[in-house]
Amino acid sequence: MAFKRTEGFRFTFGVPIEANFTELINGKQEQLEVVKYPCEIIDVSPHGMKMFSSREIGENNNNLVQLELEFILDEVLIKAIGDIVWKKKYGGKFQYGLIFENQPGIEELIVSELKVRRKKEVGRN
């Protein structure tokens, strides 16, 4: 059976990774002052992620809501813009599915950071 290098993968973290996000409405920050909100990354792939936030995002808003995320998978600060594709209430928090579109540099950076992280995790065992 031939291996397909174009197939996607998803890396799930045992302990969620802390991150921050700002809300973008129609591609722009709505407020003059940048407000960063905390969140936790549950899993990530080169094309998107699943995250938790105690903040409900996009409620009562008919505009396009995106999140500008800042997170570190191993050593490099990654900044990516994600479109919210789904939302679920989960306990006292909200769970979101995000997709990264038209950000090829981000895809490569996520893959390389996950490789380094995984090598370190395997080396510790």
message: Applying a strict under-4.5 Å side-chain criterion to I, L, V, M, F, W and Y, I'd like to know whether F9 and I17 cluster together.
response: yes

query: Does one hydrophobic cluster hold both M51 and I99, with members joined at side-chain heavy-atom distances below 4.5 Å?
result: no

- request: Check side chain to side chain contact (heavy atoms under 4.5 Å, CB included) between I81 and all other residues, then give those that pass, not counting sequence neighbours.
  value: L24, Q66, E68, Q103

field: Inter-residue atom distance K79.NZ - T22.OG1, 0.5 Å rounding
entry: 9.0 Å

message: According to a hydrophobic-cluster definition based on side-chain heavy atoms being under 4.5 Å apart (Ile, Leu, Val, Met, Phe, Trp, Tyr only), do I84 and V35 belong together?
response: yes

task: Supply the atom-to-atom distance L69 CG to I106 CD1, rounded to the nearest 0.5 angstrom.
output: 10.0 Å

query: Any sub-3.5 Å donor-acceptor pair from E113's side-chain atoms to V76's backbone N or O?
result: yes

query: Which heavy-atom pair separates E18 from F71 by the least distance, and what is that distance?
result: O-CB, 4.5 Å

message: I want to check something: taking the side chain as every heavy atom from C-beta on, are D74 and K120 in contact at a cut-off of under 4.5 Å?
response: yes

- prompt: Are any side-chain N or O atoms of Y96 and backbone N or O atoms of V85, one a donor and one an acceptor, separated by less than 3.5 Å?
  reply: no

query: Are I41 and Y37 linked, directly or through other ILVMFWY residues, by side chains that come within less than 4.5 angstrom of each other?
result: yes

Ring centroid separation F52 to F94 under 6.0 Å: no

- request: For E70, look at atom CD and say whether over 12 heavy atoms of other residues, nucleotides or ligands are found less than 6.0 Å away.
  value: yes

message: Ignoring hydrogens, what is the shortest heavy-atom contact between W86 and Q95? Give both atom names and the distance.
response: CZ3-O, 3.7 Å

Chi angles and distances behind the salt bridge (charged side-chain N to carboxylate O under 4.0 Å, His left out) call for E40, K93: CA-CA 11 Å; E40 297 174 312; K93 295 184 178 183; 3.0 Å; yes

- request: Any chance you could measure T12, atom OG1, to I42, atom CD1, to the nearest 0.5 Å?
  value: 9.0 Å

- request: Output, in order, the C-alpha distance, side-chain angles, deciding distance and verdict of side-chain contact (heavy atoms from CB on, under 4.5 Å) for K89 and E56.
  value: CA-CA 9 Å; K89 184 127 173 94; E56 185 172 9; over 6 Å; no

message: For residues V111 and F100: do they belong to one hydrophobic cluster (side chain heavy atoms under 4.5 Å, members Ile, Leu, Val, Met, Phe, Trp, Tyr)?
response: yes

query: Can you tell me how far OG of S112 sits from CD1 of I78, rounded to the nearest 0.5 angstrom?
result: 7.0 Å

- request: List the steps and the verdict of salt bridge (charged side-chain N to carboxylate O under 4.0 Å, His left out) for E121 and R117.
  value: CA-CA 6 Å; E121 287 177 355; R117 179 187 177 98; 3.2 Å; yes

field: Test log, rule side-chain contact (heavy atoms from CB on, under 4.5 Å), inputs V116 and E75
entry: CA-CA 9 Å; V116 172; E75 293 180 351; 5.7 Å; no

query: Distance from C39 atom SG to I57 atom CD1, nearest 0.5 Å?
result: 7.5 Å

statement: Rounding to 0.5 Å, atoms CG (L114) and CG (L109) come to a distance of 9.5 Å

task: Step through it carefully: locate the ring centre of F11, locate the ring centre of F13, and say whether they are under 6.0 Å apart.
output: yes

